[in-house]
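First the structure, in the form of structure tokens, and then the observations on it.
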Amino acid sequence: ARLILQYQFGMNSLVSAPSLSEDKGALSIGEAIKMIKPIKPMNFKQARVASLKRNVDSAKQQLKLEKDRQHHQQAIKFVAKR
């Protein structure tokens with residue numbers, strides 16, 4: 001574990017060594033792995049629908065940003081006229 005952390009953050013960058021916790025309420029690795037439910041891969045149709053849903057959210061956000069930008073531009077022109 002120490003070597004993994006050193007490779008990730010740089011050699012000799014750790015202040016102390018990783019240690020095991022003796023917490024009674026903590027999950028063991030085996031229990032944690034059992035809790036993980038694998039996600040079934042989507043078929044083509046399901047993936048297409050999921051992609052379209054993501055695109056709708058993105059388009060809504062882009063529309064809001066564009067409206068805000070145009071409103072801001074109009075406000076600047078209004079202030080400049082005065």
Side-chain angles (χ1 to χ4, degrees):
R2 183 180 184 92
L3 267 177
I4 292 171
L5 291 172
Q6 285 182 340
Y7 285 134
Q8 184 175 0
F9 298 110
M11 292 305 215
N12 300 323
S13 64
L14 299 178
V15 177
S16 63
S19 61
L20 291 174
S21 173
E22 297 297 326
D23 186 10
K24 300 293 181 195
L27 293 175
S28 69
I29 294 174
E31 291 171 338
I33 290 174
K34 288 179 185 176
M35 292 176 61
I36 297 172
K37 304 273 190 254
I39 300 173
K40 293 181 184 177
M42 291 186 235
N43 63 29
F44 177 75
K45 291 178 183 179
Q46 292 170 332
R48 177 110 171 105
V49 168
S51 173
L52 290 171
K53 285 181 181 178
R54 281 192 306 272
N55 290 343
V56 166
D57 294 338
S58 175
K60 284 181 182 178
Q61 184 179 10
Q62 289 176 0
L63 176 64
K64 182 185 180 311
L65 290 173
E66 182 61 25
K67 284 183 178 181
D68 290 345
R69 187 190 66 78
Q70 289 178 7
H71 181 72
H72 182 70
Q73 289 292 329
Q74 287 177 350
I76 289 174
K77 287 181 183 178
F78 180 76
V79 171
K81 285 182 181 179
R82 289 186 159 214

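Because the structure is a prediction, the values reported are computed rather than measured.
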**OP:** Among Gln73, Glu66, His72, find the one that has a side chain to side chain donor-acceptor pair (under 3.5 Å) with Gln70.
**Re:**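 Testing each of Gln73, Glu66, His72 against Gln70, the sole residue satisfying side chain to side chain donor-acceptor pair (under 3.5 Å) is Glu66.
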Subject >> Within 6.0 Å of CD1 in Ile76, more than 12 heavy atoms from elsewhere >> reply: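 It does: Ile76 CD1 has more than 12 such atoms within range.
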Original post:
Any side-chain heavy atom of Lys67 within less than 4.5 Å of one from Leu63?
Top reply: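 Heavy-atom side-chain distance check passes, below 4.5 Å.
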From [X] atom [atom1] to [Y] atom [atom2], the distance as rounded to the nearest 0.5 Å:
| X | Y | atom1 | atom2 | answer |
| --- | --- | --- | --- | --- |
| Leu65 | Gln62 | CG | CD | 7.5 Å |
| Lys53 | Asn55 | NZ | CG | 12.5 Å |
| Lys60 | Lys64 | NZ | NZ | 13.5 Å |

Original post:
Does any N or O in the side chain of Gln46 come within less than 3.5 Å of the main-chain N or O of Asn43, such that one atom is a donor and the other an acceptor?
Top reply: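 Yes, because the side chain of Gln46 sits within donor-acceptor range (under 3.5 Å) of the backbone of Asn43.
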